[in-house]
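Chain A is the first sequence line, chain B the second, and so forth, proteins listed ahead of strands; every chain is numbered from 1. Atom set for the values below is all heavy atoms of this structure, side chains included, hydrogens, waters and symmetry mates excluded.
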There are 2 protein chains.
Amino acid sequence: MTSFKGQAQYSVDKKGRVAIPAKMRASLNPEAVGTFTMTRGFEPCIYLYPLDEWQRKESEYQSLNTYNRNARHLIRSILMWAEEVVLDGQGRIGLSKALIEYAGLSDRALIIGTMDRIEIWDPEVFGKFLSEQPDDHEALAESVMGS
Amino acid sequence: MTSFKGQAQYSVDKKGRVAIPAKMRASLNPEAVGTFTMTRGFEPCIYLYPLDEWQRKESEYQSLNTYNRNARHLIRSILMWAEEVVLDGQGRIGLSKALIEYAGLSDRALIIGTMDRIEIWDPEVFGKFLSEQPDDHEALAESVMGS
DNA sequence: GGAGATTTCCCCACATTTCCCCACTTGGCG
DNA sequence: CGCCAAGTGGGGAAATGTGGGGAAATCTCC
């Protein structure tokens, strides 16, 4: 299982390209190297799943009953933002305009590794997001992990 | 299994033609390239199935009991709108007037990939549709997927 | 049944975007 | 001190989206 961690702040060039940190590229499964699926995050950021992790997600959606209205709506609201991308020779990906707008990205990007995915944030948006969350990560840990 | 994803906004020309995004064409099964069946969506949009997926749908309908009144009605209400189309040399399809009217399309079309089919929406109609739905896709995800 | 008018379909042409490749700079390591 | 790896930027070729013209098929009206 892939396990991304760490953070880095890279530039977004005029063509909407962002480099993926070498350390994260190194922790990819051999068969998933190079191909990612990016999509809209629950938070105002972009989620980036390596090929193998995304296939797991997708098979979850495939098992849903598409004659159910809510299921259709969910699939649509996730997949319409999804896009498969391949790293270029320099280890970068190209972000789509729709996702750049959704995440509020401009010329710098904060790359965060979170277990099975990579998150791409605008630094300012991220700072604002943090300040709105209760920053007591001790209490948070207790509420999620504690029994 | 085909798996369409992503979104794009293309133009509908005066002849009622709409281009299918190259990314979606690329994810077609080799034996299904070029031929689609379009029909009325459950939502106010057009559903577009590649050949192989449509055959699967048809066999679903064939297995229904046609002595059941509702089954007969369902089959009729789907198939009377269905139409087989072939991509032209530029990767476009021609929409029928009946479906254009049903989906409320004018000069722009929002193309959305949702797993086994492609949906074609009028951008305004789609915006209106979204505003009527609970757009909290985090809560929706939790209710459909969460355990 | 036939001629004209209309629609449909196929092909060509253009402009823009996208993608791929090459080159430069900086910092770390041997 | 020099080499290699990593991040950044840009140029050129190919692919993609868009519009329109003309031939073939279809329809309509006489």
* To the nearest 10 degrees, what angle separates the axes at the start and end of the helix from dG1(C)-dC30(D) to dG30(C)-dC1(D), five pairs each? -> 30°
[atom1] of [X] versus [atom2] of [N]: gap in Å, rounded?
X         : N       : atom1 : atom2 : result
Lys97(B)  : dT6(C)  : NZ    : P     : 13 Å
Asp88(B)  : dG22(D) : CG    : P     : 19 Å
Glu84(A)  : dC19(C) : CD    : P     : 12 Å
Arg108(B) : dG17(D) : CZ    : C1'   : 10 Å
Ile93(A)  : dC20(C) : CD1   : C1'   : 17 Å
Ile20(B)  : dT18(D) : CD1   : C1'   : 14 Å
Leu95(A)  : dT17(C) : CG    : C1'   : 16 Å

Can you check nucleotides 12-14 of chain C for protein contacts, nitrogen or oxygen pairs under 3.5 Å, and list what you find?
residue : atom : partner  : partner atom : Å
dC12(C) : N4   : Gln90(B) : OE1          : 3.2
dC12(C) : N4   : Gln90(B) : NE2          : 2.6

* Indicate the atoms forming the closest heavy-atom contact of Ile111(B) with Ala19(B), along with that distance. => CD1-O, 3.9 Å
* Shortest non-hydrogen contact from Gln133(B) toward Arg69(A) -> OE1-NH1, 4.2 Å
* To do: Ignoring hydrogens and angles, tell me if any N or O in the side chain of Tyr102(B) forms a donor-acceptor pair with the backbone of Thr39(B) under 3.5 Å.
  =>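 No; zero donor-acceptor contacts below 3.5 Å.
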Does atom [atom1] of [X] have more than 12 heavy-atom neighbours from other groups under 6.0 Å away?
X         : atom1 : result
Tyr67(A)  : OH    : yes
Glu124(A) : CD    : no
Glu101(B) : CD    : no
Glu132(B) : CD    : yes

* Gap separating the OG1 atom of Thr2(B) from the CE atom of Met115(B), nearest 0.5 angstrom -> 10.0 Å
* Identify the residue among Arg117(B), Glu58(B), Gln55(B), Arg56(B) that makes a side chain to side chain donor-acceptor pair (under 3.5 Å) with Tyr49(B). => Arg117(B)
* To do: Pull out every residue in residues 9-16 of chain A that has a heavy atom closer than 4.0 Å to any atom of DNA chain D, ordered by number, or say none.
  => Tyr10(A), Ser11(A), Asp13(A), Lys14(A), Lys15(A)
* Would you mind checking if Glu84(A) and Lys23(B) are paired as a salt bridge, meaning a charged N to carboxylate O distance below 4.0 Å? => no
* Asked: Starting at the 5' end of DNA chain C and moving along, which residue's nearest nucleotide shows up first, Arg17(B) or Lys23(B)?
  ->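 That would be Arg17(B).
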* To do: Check the angle between the aromatic planes of Trp121(A) and Phe126(A) and answer parallel, tilted or perpendicular using the 30° and 60° thresholds.
  =>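 Perpendicular, since the angle between the ring planes exceeds 60°.
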